[in-house]
Amino acid sequence: MASLSLSPASSISSLLLISLLCFFSSFSEARDHLVGGKSDSWKIPSSQIDSLNRWAQNSRFLIGDSLVWKYDESKDSVLQVTKRDYVNCNTSSPIAAHNDGNTKVKLENSGPYYFISGAKGHCEKGQKLIVVVLSEKRRRFMGISPAPSPFLEIQAPTPAPTSDAASFKASFLMVVMGAFFFGFLLI
């Protein structure tokens, strides 16, 4: 019976390929994001630094991810609203209303999602959140550009990716392909 023997170069190439597949597949898993990063975050912020939009600006949200709120259902609720209702703190016609104390909202489309507190006067005091979900196209550039700012969404459109991102991606692919094929040449 013949034994299968791999050269060191072939083993390195295989290991590199498996590592890259695991690395890139980790970006495609849907994640649950606890709003604010902790269970008591859905409240009136004590300052602008404590704002949930600051937390959202530093996070990445992808299609299929979910937002999770933990709050006292007897005192508060979460309303998903339009941009206009977000800006005006209008609670009268939400897209969706949640008041169970443990709310989970799946992010099914790219673009902005707007949330405000349903408790009287809380939105006006800053208890609101904008989450921007990256599109499939922007998802490819995850490690290159910063997360889109929810503050820019109200004032201006998000800028298009720069040509540097495309050249970086092409260079990265060339290095990976070169390493992969170089390993086969050494066999």
Side-chain angles (χ1 to χ4, degrees), residues 21-43 45 48 50-71 73 76-119 122-124 126-166 168-169 172-173:
L21 288 173
C22 290
F23 176 74
F24 286 116
S25 69
S26 69
F27 288 118
S28 64
E29 295 176 19
R31 297 185 177 139
D32 287 354
H33 298 272
L34 183 60
V35 171
K38 52 190 176 180
S39 61
D40 64 343
S41 294
W42 190 239
K43 61 184 178 186
Q48 187 68 348
D50 198 26
S51 165
L52 289 175
N53 283 333
R54 184 173 292 264
W55 166 80
Q57 186 176 3
N58 293 321
S59 302
R60 293 212 176 266
F61 304 99
L62 304 174
I63 295 171
D65 286 355
S66 294
L67 297 175
V68 178
W69 284 263
K70 305 249 185 219
Y71 56 93
E73 70 272 9
D76 212 340
S77 62
V78 176
L79 305 180
Q80 183 177 351
V81 295
T82 64
K83 180 179 179 179
R84 178 185 299 254
D85 288 344
Y86 174 88
V87 171
N88 296 315
C89 289
N90 180 10
T91 61
S92 65
S93 56
I95 295 168
H98 308 277
N99 58 4
D100 60 357
N102 188 20
T103 298
K104 185 173 184 176
V105 174
K106 187 170 182 179
L107 305 171
E108 296 179 337
N109 300 301
S110 63
Y113 285 73
Y114 302 93
F115 301 95
I116 62 175
S117 170
H122 286 209
C123 178
E124 291 83 356
Q127 189 178 347
K128 52 189 182 175
L129 171 67
I130 301 173
V131 169
V132 179
V133 179
L134 297 177
S135 68
E136 290 296 324
K137 182 177 180 182
R138 291 209 47 163
R139 195 173 175 168
R140 294 182 208 139
F141 300 107
M142 268 186 67
I144 299 165
S145 60
S149 170
F151 300 109
L152 292 177
E153 182 60 36
I154 293 175
Q155 299 168 355
T158 305
T162 64
S163 61
D164 290 341
F168 177 80
K169 181 181 177 191
F172 179 74
L173 287 174

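For the single chain, residues carry numbers from 1 onward in sequence order.
Contacts of Lys104 classified as salt bridge (Lys or Arg N to Asp or Glu O under 4.0 Å), with partners at least two apart in sequence or in another chain: Asp32. Applying the side chain to side chain donor-acceptor pair (under 3.5 Å) criterion to Asn102, with sequence neighbours excluded, gives Lys70. Every residue meeting the side chain to side chain donor-acceptor pair (under 3.5 Å) condition with Thr103, not counting sequence neighbours, appears here in chain and number order: Tyr71, Asp100. Taking the ring pair (Phe, Tyr, Trp, His ring centres under 6.0 Å) definition, one finds that His98 meets it with nothing, sequence neighbours left out. Scored by the ring pair (Phe, Tyr, Trp, His ring centres under 6.0 Å) test, Phe61 finds His33, Trp55 as partners (sequence neighbours excluded). Not counting sequence neighbours, the partners of Lys43 by the side-chain contact (heavy atoms from CB on, under 4.5 Å) test are Asp40, Asp50.
If you take CG on Leu67 and NZ on Lys106, they are separated by 12.5 Å, rounding to the nearest 0.5 Å. To the nearest 0.5 Å, the span separating CD on Glu124 from OG1 on Thr91 amounts to 8.0 Å. To the nearest 0.5 angstrom, Asp85 atom CG is 6.5 Å from Ser92 atom OG. Considering CH2 of Trp42 and CG of Leu52, their distance stands at 6.5 Å, rounded to 0.5 Å. We find the CG-CD1 distance between Asn109 and Ile63 to be 6.5 Å, quoted to the nearest 0.5 Å. Taking OG of Ser66 as the start and CG of Leu34 as the end, the distance is 12.0 Å to the nearest 0.5 Å.
Taking all atoms of both residues into account, the shortest heavy-atom contact from Val35 to Ser41 is O-CB, 3.2 Å.
In this structure, Arg54 and Asn58 have side chains that are in contact, with non-hydrogen atoms separated by less than 4.5 Å. Trp69 has its side chain within reach of Val105: a pair of non-hydrogen atoms, C-beta onward, lies under 4.5 Å apart. Here the side chains of Val81 and Lys128 are not in contact, with every heavy-atom distance at 4.5 Å or above.
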